[in-house]
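Sequence lines set the chain letters: A, B, ... in the order given, protein chains first and strands last, and positions in each chain run from 1. Being a predicted model, the structure only gives us computed values, none of them experimental.
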Amino acid sequence: MPKRVGMEVSIGASEAVRLANVDAIAAYPITPQTHIVEHLSEFVANGELDAEFIPVESEHSAMSVCCGTSAAGARTFTCTSSQGLALMSEIVFIASAMQLPIVMILANRSLSGPLSIWNDHTDVMLVRDCGWIQAFGENGQEIFDLTLCAFKIAEDHRVLLPFMVNMDGFILSHVIEPIEILDQETVDSFLPVYNPLYRLDPDNPVTMGAFAMPDLYTETKKAQDERLKASLPVIEEIWEEYGKLTGRTYHPVETYKAEGAKTLFVTMGSFGETASTAVDAMREDGEPVGLCKIRLWRPFPFQAFHEAVKGVETLIVIDRATSYGGPGGPVAAEIRSALYTLDTPPKVVDFIAGLAGRDVAPGDYKAMYHRAQEKIASGDIAGYEIYGVRD
Amino acid sequence: MEKLNVYAVRLLPKYEAIAPGHRACQGCAEVLAVRLVGKALGRNTVVACATGCMEIISSPLPTTSWRVPWIHVAFENAAAVASGVEAGLKVLMRKGRIPKKKINILAMGGDGGTADIGLQALSGALERGHNFTYVCYDNEAYMNTGIQRSSSTPFGAATTTSPAGKVKPGQVTWKKNMPEIAVAHNIPYVATACPSYPFDLMEKVKRAAETEGPAYVHVFSVCPTGWRLTPDLAVRAGRLAVETGIFPLYEVVEGKYKLSVEIPKLRPVEDYLKIQGRFRHLTPDLIDKIQERINKDYNKLLAKIRFSEEMS
Ligand SMILES: Cc1ncc(C[n+]2csc(CCOP(=O)(O)OP(=O)(O)O)c2C)c(N)n1
Ligand code: SF4
Ligand SMILES: [Mg+2]
């Protein structure tokens, strides 16, 4: 029987990895990811998880070791944050090109400098185009569920791509929440043992990671792009299957009180929870607002997004990273581009907020809503505004 | 002598891990070494290869020269990838998902991929004690990218980033002692080798693979292209490196040093330098300076060997 217990979200995430019966874990500690590696090494030390725990000397080696374990045919997990992701990023891009179904939890933290251990999405945006499946969780339960599903999706032979579960640092990683932990039997029925399509086996030798000349490189990239795009229906199918098992079904784009809304806030990750509270309050005040949460960032769910924003006049995007000197935060830039083909696209107002753990409270959503009205009235909604800057 | 050669060829295993048709330059002793390593290890081997000449000459999509399972991920991480392969195979055997058998894990990289950019990953893998063999093919520069200097380039050698100019005599630093760095990790087996001594090389690689835990073999690999030397002199240059003492062949087993090829009297280093274009610009006083350094380093090595003998 599944039980709902109060626990730190990092422990919940580690429980998902344990229940997935991973074969290999390679990770290097960095705040706020540390609690996950600590719990996992404890599981291994206590014999609660039969896996190789490889305590590497850097994140670059963490991802490199993961490539090795995954290529050997082992179910592989790692986790990191910010500087760690930046350091391993070279190999992050290679892992997807090599079709290695590694699962990584990214405890989102801002990138230096200045150095900051607090939460935003500057780290994940650094690797936006790395070819991994990238999803965001909003609370502890979602992190647990998404992590379990991630293995099944990544290892599906129709997919064979690495999967990144984004978990906001501290806001999620260090809080205690009630999480329903599945029992082993249920997990085993959902997630079979990894059956690699290719592995490094002397009886069936394969060459992995050959180099491409200009005559073939483009073809490999096209194939990679097709593969990532084709993962979308599989992701939906597996999330559906998980929903039947647990009653919790995830979707690439989810809305809250969108019915009759003229304005939707657009968020990713844990901000969805505060935004819902803000929407509740503003609805009570009679404001026609709702919320659109992008759960799946790559492959970007264009169709689901179009449906979610149909008939809406304004989108207020909360970006949690900056594209210096660029067209706006990465989410808004993406959304503007996604809307370009629509005949009557909603207006997009972009706020960059919540950098490096700066609190964005329900009142701030209200303030951004009014600021957006002003901007629309003045006809100036181009670019972005960095919200809440102290004078 | 002729008969001895026939006999010698028969002693070599027929098995080739790397197929002919690769794109290495004529006279490349690095690929010769790779071939010998492949023969020594046999088919139950998985190779993790760093970016560099040996990767580029053997794996252009959609073809491959590799008959053993082979993986290339990046330049600086062959030791980390090999760590993963070793750990992955180990756990799968333990969990009964693949048959239990001895599989040799070989990580390989050039001097750049080993002594420079890959040093941290290698150090980590040696320290963690993975059961694998790391072979460094040392051709004393970054050859794949066009003969740039590395920390393994010897003093006085001209490369494209340590050119011999009006005020600088080529490389102005002394070669990093990579085998000694491996020894400092207290791993059970370290050796130097050279394909000009093929049986010695193969013996060492076999011993390395049989060693429980990490083993490191540093292979002196003559590169005619980068050293400005005619291809027919590649094997000869390797022998001269050993005979002059600039690259002595030795083993360090459980911390004990042992000379593999005794050289009663070192040949003058000039014999080795003068056949290579990369040293063409050296003046007699610079050659003396190199000779002095060799004498000193060689005596240091002999002292370690004597100390090892006294200890046992
Ligand atoms: C991170 C990174 N930096 C630089 C390079 C470019 N690069 C590729 S191979 C190479 C040199 C290889 O030298 P070495 O390891 O000595 O091998 P060799 O080609 O000489 O056998 C360099 C600099 C790279 N591929 N990756
Ligand atoms: S450049 Fe040197 S090491 Fe590279 S393939 Fe040619 S001879 Fe061999
Ligand atoms: Mg080299």
A.B. asks: Based on non-hydrogen pairs under 4.5 Å, which of B/A125, B/P99, B/A121, B/S83 is most in contact with chain A?
C.D. replies: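 Among the listed options, the one with the most contacts to chain A is B/A121.
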A.B. asks: Report the distance from atom CZ of B/R97 to atom CZ of A/R199, rounding to the nearest 0.5 Å.
C.D. replies: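 The CZ atom of A/R199 is 9.5 Å from CZ of B/R97, to the nearest 0.5 Å.
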A.B. asks: For B/R43, look at atom CZ and say whether over 12 heavy atoms of other residues, nucleotides or ligands are found less than 6.0 Å away.
C.D. replies: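 For B/R43, atom CZ is not crowded (no more than 12 foreign heavy atoms under 6.0 Å).
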A.B. asks: Evaluate the side-chain proximity of A/M208 to B/V81: yes if any heavy-atom separation is below 4.5 Å, no if none is.
C.D. replies: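 Not in contact.
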A.B. asks: Give, as side chain, backbone, both or neither, the part of A/V206 having an atom under 4.5 angstrom from any heavy atom of chain B.
C.D. replies: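 When you check distances to chain B, only backbone atoms of A/V206 fall under 4.5 Å.
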A.B. asks: Count the heavy atoms belonging to other residues, nucleotides or ligands that lie under 6.0 Å from CZ of B/R94, then report whether that count exceeds 12.
C.D. replies: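 Yes.
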A.B. asks: Does any non-hydrogen side-chain atom of A/E52 lie less than 4.5 Å from one of B/E86?
C.D. replies: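 The answer is no; the side chains never approach within 4.5 Å.
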A.B. asks: When only pairs under 4.5 Å are counted, which of B/C49, B/A82, B/G84, B/A79 shares the most heavy-atom pairs with chain A?
C.D. replies: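 Max contact count across the listed options: B/G84.
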A.B. asks: In terms of heavy-atom contacts, does OH of A/Y198 have more than 12 from other residues, nucleotides or ligands at under 6.0 Å?
C.D. replies: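 Atom OH in A/Y198 is not crowded, with 12 or fewer foreign heavy atoms closer than 6.0 Å.
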A.B. asks: Shorter than 4.5 Å, heavy atoms on both sides: which option in A/A24, A/A71, A/G73, A/C66 has the most such pairs with chain B?
C.D. replies: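 Option with the greatest count: A/G73.
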A.B. asks: For the CD atom on B/Q26, are there more than 12 heavy atoms of other groups (residues, nucleotides or ligands in this structure) within a distance under 6.0 Å?
C.D. replies: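 Not buried by this count: 12 neighbours or fewer within 6.0 Å.
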A.B. asks: Can you say whether B/L89 sits under 4.5 Å from chain A via the side chain, the backbone, both, or neither, judging by heavy atoms?
C.D. replies: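 Answer is both: backbone and side chain atoms of B/L89 are under 4.5 Å from chain A.
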A.B. asks: Inspect the surroundings of CZ in A/F211 and state if more than 12 heavy atoms from other residues, nucleotides or ligands are less than 6.0 Å away.
C.D. replies: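 Yes, the 6.0 Å shell around CZ holds more than 12 heavy atoms from other groups.
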A.B. asks: Side chain, backbone, both or neither: which part of A/N21 has an atom under 4.5 Å from a heavy atom of chain B?
C.D. replies: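 Both the backbone and the side chain of A/N21 come within 4.5 Å of chain B.
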A.B. asks: Between B/A48 and chain A, with a heavy-atom cut-off of 4.5 Å, which part of the residue counts as in contact: side chain, backbone, both or neither?
C.D. replies: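 Contact with chain A: none, neither part.
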A.B. asks: A/A72, A/A26, A/S70, A/A62: which one forms the most heavy-atom pairs within less than 4.5 Å of chain B?
C.D. replies: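 Option with the greatest count: A/A72.
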A.B. asks: Pick one of side chain, backbone, both or neither for A/M98, based on which atoms fall under 4.5 Å of a heavy atom in chain B.
C.D. replies: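 It is the side chain, since no backbone atom gets that close.
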A.B. asks: Is it the case that over 12 heavy atoms from other parts of the model lie below 6.0 angstrom from the NZ atom of B/K102?
C.D. replies: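 Yes - once you tally the heavy atoms of other residues, nucleotides and ligands closer than 6.0 Å, there are more than 12.
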A.B. asks: Considering all heavy atoms of both residues, which atom of B/G88 and which atom of A/T69 are nearest to each other, and what is their separation?
C.D. replies: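 Looking at all heavy atoms of both residues, the closest pair is N-CG2, 4.0 Å.
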A.B. asks: Can B/K95 and A/D50 be counted as an ion pair, charged N to O under 4.0 angstrom?
C.D. replies: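 No, this pair does not count.
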A.B. asks: Give, as side chain, backbone, both or neither, the part of B/R128 having an atom under 4.5 angstrom from any heavy atom of chain A.
C.D. replies: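 Side chain of B/R128 only, per the 4.5 Å heavy-atom cut-off to chain A.
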A.B. asks: So which atom in B/Q120 and which in A/S58 form the shortest heavy-atom distance, rounded to 0.1 Å?
C.D. replies: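 The pair with the smallest heavy-atom distance is NE2-CB, 3.1 Å.
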A.B. asks: Is it the side chain or the backbone of A/T76 that comes within 4.5 Å of chain B heavy atoms, both, or neither?
C.D. replies: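 For A/T76, there is no contact with chain B at all, as no heavy atom is under 4.5 Å.
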A.B. asks: Just checking heavy atoms, which of residues 52-77 of chain B are less than 4.5 Å from chain A?
C.D. replies: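 Heavy-atom contacts from residues 52-77 of chain B to chain A are B/E55, B/I56, B/S59, B/P60, B/L61, B/P62, B/T64, B/W66, B/R67, B/V68, B/P69, B/W70, B/I71, B/H72, B/V73, B/A74, B/E76, B/N77.
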A.B. asks: Report which part of A/L200 has an atom under 4.5 Å of a heavy atom belonging to chain B: side chain, backbone, both, or neither.
C.D. replies: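 Backbone plus side chain of A/L200, per the 4.5 Å heavy-atom cut-off to chain B.
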